Amino acid sequence: MKQDIIYIIRKALDSLNTEWGIALPDIEVEVPRDETMGDIATTVAMRLTKLLKKPPRKIAEEIVAEIAMQQPGYFENIEIAGPGFINFRFKQEYILKGLQSLLEEEHSSLRSDIGKGAKIQVEFVSANPTGPLHIGHGRGAAVGSALCNILKAAGFDVQKEFYINDAGLQVKLLGRSVYARYQQLLGNNVPFSEDGYKGDYVEDIAKDIHEREGDKYLNKTYEECGELISDYAYKMMLANISTDLKDFGVEFDRWQSEKELHEQGKVENAINTLRSKDLIYEKDGAVWFSSTRFEDDKDRVVRKQDGEYTYFASDICYHKDKLDRGFDTIVDIWGADHHGYIPRIRSVLEAFDLPKEKFRVILIQMVSLLRHGVPVQMSKRAGAFITLREVIDEVGPDITKFIFLTRKADSQLEFDIDVAKEQSAENPVFYVQYAFARISSLFRQAEGKGVQFTPASVDLSALKEDEEILLIKKLLLYPMVFEGTALACEPHRITYYLQELAGVFHAYYYKHRIISDDNGLTLARLSLCRGVKIVLDEGLKLLGVSAPERM
RNA sequence: GCGCCCAUAGCUCAAUUGGAUAGAGUGUCUGACUACGGAUCAGAAGGUUGGGGGUUCAACUCCUCCUGGGCGCGCCA
């Protein structure tokens, strides 16, 4: 639909431009806010005012006259409105043709090839393996996973990756905490460090170790067995994280260990590469990266006085590694509290010659959790937090994901567990799923009555009601919404669209009877329902939410 | 102190990346099938988009200042 319009306008402009002789701007089309204005509109006349030094309405007139001359035959009418909008209204045949091709090509007509097979890597969640995932990670997982589905459907070659921070102090701290609990378990009162992890899960790990290995570490100091315990503990946490994600419906293509990067000498290697570009220097006994040569406000230490690499050094290496693996676009999804980190990573990627626009950070804002309308205080260290696991078990993955995806990633979100749990109209998920289930039920009903339905061969011209035309137009809008979603990396747009589509469908269903004695009409209406079902299915799949035949 | 993000209907959030009369859900009020799933539908009320100034054909959107909130600012990760 969009392509047709742009093509027609382009043709008209090209023809007019033999007279104008200017550099034509991009043609932008949009759906008017108010349905009575038309089906699709362009603002191109207004964009030309400056270049042509003519009033926009006058330019619009010229364009419309030119289009009329070319007689594309798609339009019921074309109008100039407001300051210079050109509004197009489609003929019914054109709209029915759109529905027809949706029914014939089904899901493939809803995908796109704007990605052209470009290799894109999306890194998300990447939680420290020092504790279970909390609800904030869940939001990142939902957004990241949906985004990847969307990018795939848009023709990108996508890889989903989880980066494991298994090299640093935090893992040691986890080990120390588990060690202390293990000793306490066996009656040996080892003091628990102030900054240790205090959650119950730490005790669980200690118990688990005791079950498997017995009293083996009882008389050992932390120095003697700390590494073994740390190792065991974080691996257990990692398995736990992986299971939680799987049960949430999120899977990764690849898990990258930070420790491994060190062991393979890649960290040192990456720093050396920077050094060869003259971006590394020594000062005060430490080694620095000149990130201020790019857009950072201070240079950053990559190797400390004590000779250890910093976390940032691993991250330099990790991002270089991504590039070495041949990705031409890199998307990092981080918690919003890491936003201060953007300039330095941007600097790193620029240092490795990645063009600015090929690196993208999506920040996931905080989730404030409510129970009975009261905020729940979260603190990972203190062990007081609601885990993703609890939410999955209590609320369910579909609802949780959908709620996470009804907000822009970058804005804070309130998540009330009790409201989410209610299987009521409060829950927009059900509204969409219900539309799907309702249509499924219609087909069961029709089958029961012996209706023979083969979607591709139905005469659609019986679809004449206002609600029917409106519904088809909504369906045909999907590709535009989808493309915008992929380009902006904003999954929530799909969520909104699905709610609107479900709304238009429910209204239609309520007003008109689908299955009747008129066989031709029944078939046409079932075809329309089939179209709605396909689009709902596609959209829900992208979000990672199930589309149930019955509820 | 410096930097980044947010402020939209009573509440939770959108607004096609600068477009037309700022929209949904929820809550409040009023209504709707002896038919295909009432987890539904129709309608009403609800706004100086935190405030001032600026940029232009056009500003919720961009610039600037102010107010109020969140988060960063380590040779931690």
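Note that the structure is predicted; figures quoted are calculated from it, not measured. Just so it is clear: chains get the letters A, B, ... in the order the sequence lines come, proteins before strands, and each one is counted from 1.
Using a 4.0 Å heavy-atom distance criterion, A:Ala446 is classed as making no nucleic acid contact. Base engagement by A:Ala81 is indicated by at least one non-hydrogen atom pair under 4.0 Å involving a base atom. Using a 4.0 Å heavy-atom distance criterion, A:Gln445 is classed as a sugar-phosphate-only contact. Among the heavy atoms of the strands, none lies under 4.0 Å from A:Asn165. Within 4.0 Å of A:Asp306, counting heavy atoms only, lies no atom of the nucleic acid at all. A:Arg493 comes within 4.0 angstrom of a base, heavy atoms only. Residue contacts for A:Arg550: at a heavy-atom cut-off of 4.0 Å it reaches a base atom on one of the strands shown. Looking at heavy-atom distances under 4.0 Å, A:Ala437 makes contact with a base. Residue contacts shown for A:Met480 are absent, as no nucleic acid heavy atom lies under 4.0 Å away. Residue contacts shown for A:Leu413 are limited to sugar-phosphate atoms, with no base heavy atom under 4.0 Å away. Among the atoms of the strands shown, only primed sugar atoms or phosphate atoms (P, OP1, OP2) are found under 4.0 Å from some heavy atom of A:Gln412. Using a 4.0 Å heavy-atom distance criterion, A:Tyr341 is classed as a base contact. Within the 4.0 angstrom heavy-atom criterion, base atoms lie near A:Ala488. Contacts of A:Lys408 with the nucleic acid, taken as non-hydrogen atoms under 4.0 Å apart, involve only primed sugar atoms and P, OP1 or OP2.
More than 90° away from 0 lies the glycosidic angle of B:U49, which makes this nucleotide anti.
Within the 4.0 Å cut-off from OP1 or OP2 of B:C76, not a single side-chain nitrogen or oxygen of A:Gln170 is found. Checking the phosphate oxygens (OP1, OP2) of B:A15, a side-chain nitrogen or oxygen of A:His492 falls inside 4.0 Å. The shortest distance between the side-chain N/O atoms of A:Lys511 and the OP1/OP2 oxygens of B:U40 is not below 4.0 Å. Contact check, A:Tyr508 against B:A42: no side-chain N or O comes under 4.0 Å of OP1 or OP2. Applying the 4.0 Å criterion to OP1 and OP2 of B:G38, one finds that A:Arg438 has a side-chain N or O inside that range. Contact check, A:Lys298 against B:G3: no side-chain N or O comes under 4.0 Å of OP1 or OP2. Residue A:Ser411 places at least one side-chain N or O closer than 4.0 Å to OP1 or OP2 of B:A14.
Ring to ring, A:His492 and A:Phe404 are not that close: their centroids are 6.0 angstrom or more apart. Aromatic rings of A:Phe443 and A:Phe453 (six-membered ring for Trp) have centroids within the 6.0 Å cut-off, being under it. Close placement of the A:Tyr163 and A:Tyr318 rings is indicated, their centers lying within 6.0 Å of each other.
Atom CD1 in A:Ile515 sits roughly 10 Å away from atom P in B:C36 (whole-Å rounding). The nearest whole Å value for the distance from the CG atom in A:Asp410 to the P atom in B:G72 is 15 Å. The interatomic distance linking A:Ile342 (CD1) with B:C73 (P) rounds to 13 Å, in whole Å. Here B:A39 presents its C1' atom at 8 Å from NE2 of A:His506, a figure rounded to the nearest Å.
To the nearest whole angstrom, the two P atoms, one in B:G47 and one in B:A22, are 12 Å apart. Distance check on atom C1': B:A7 versus B:G70 gives 11 Å, rounded to whole Å. Atom P of B:U55 sits at a distance of 34 Å from the matching atom of B:G46, rounded to the whole Å. Distance noted for atom P between B:G50 and B:C6: 12 Å (whole Å).
For A:Arg33 and B:A20, a side-chain-to-base donor-acceptor distance below 3.5 Å is absent, hydrogens and geometry of angles not being considered.
Taking the 5.5 Å centre cut-off and the 30° plane limit, the aromatic side chain of A:Phe85 is classed as stacked on B:A20. Ring stacking is absent between A:Tyr509 and B:U40, as the pair misses the limits of under 5.5 Å between centres and under 30 degrees between planes.
Of the listed residues (A:Leu470, A:Val532, A:Asp466, A:Leu528), just one forms a side-chain contact (heavy atoms from CB on, under 4.5 Å) with A:Tyr508, and that residue is A:Leu528. When each of A:Ile86, A:Ile63, A:Ile6, A:Asn87 is paired with A:Thr42, the side-chain contact (heavy atoms from CB on, under 4.5 Å) condition holds for A:Ile86 and for no other.
Cation-pi contact between A:Lys304 and A:Tyr309: absent, since separation from the ring centre below 6.0 Å together with deviation from the ring axis within 45° is not met.
The OG1 atom of A:Thr130 sits 14.5 Å away from the NZ atom of A:Lys172 when rounded to the nearest 0.5 Å.
Counting only heavy atoms from C-beta on, A:Thr49 has its side chain closest to B:C57 among B:U40, B:C75, B:C57.
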| request: Using the salt bridge (Lys or Arg N to Asp or Glu O under 4.0 Å) rule, take A:Asp296 and A:Arg300 through it: C-alpha gap first, then chi angles, then the decisive distance, then the call. | output: CA-CA 9 Å; A:Asp296 205 357; A:Arg300 306 291 170 176; 2.8 Å; yes
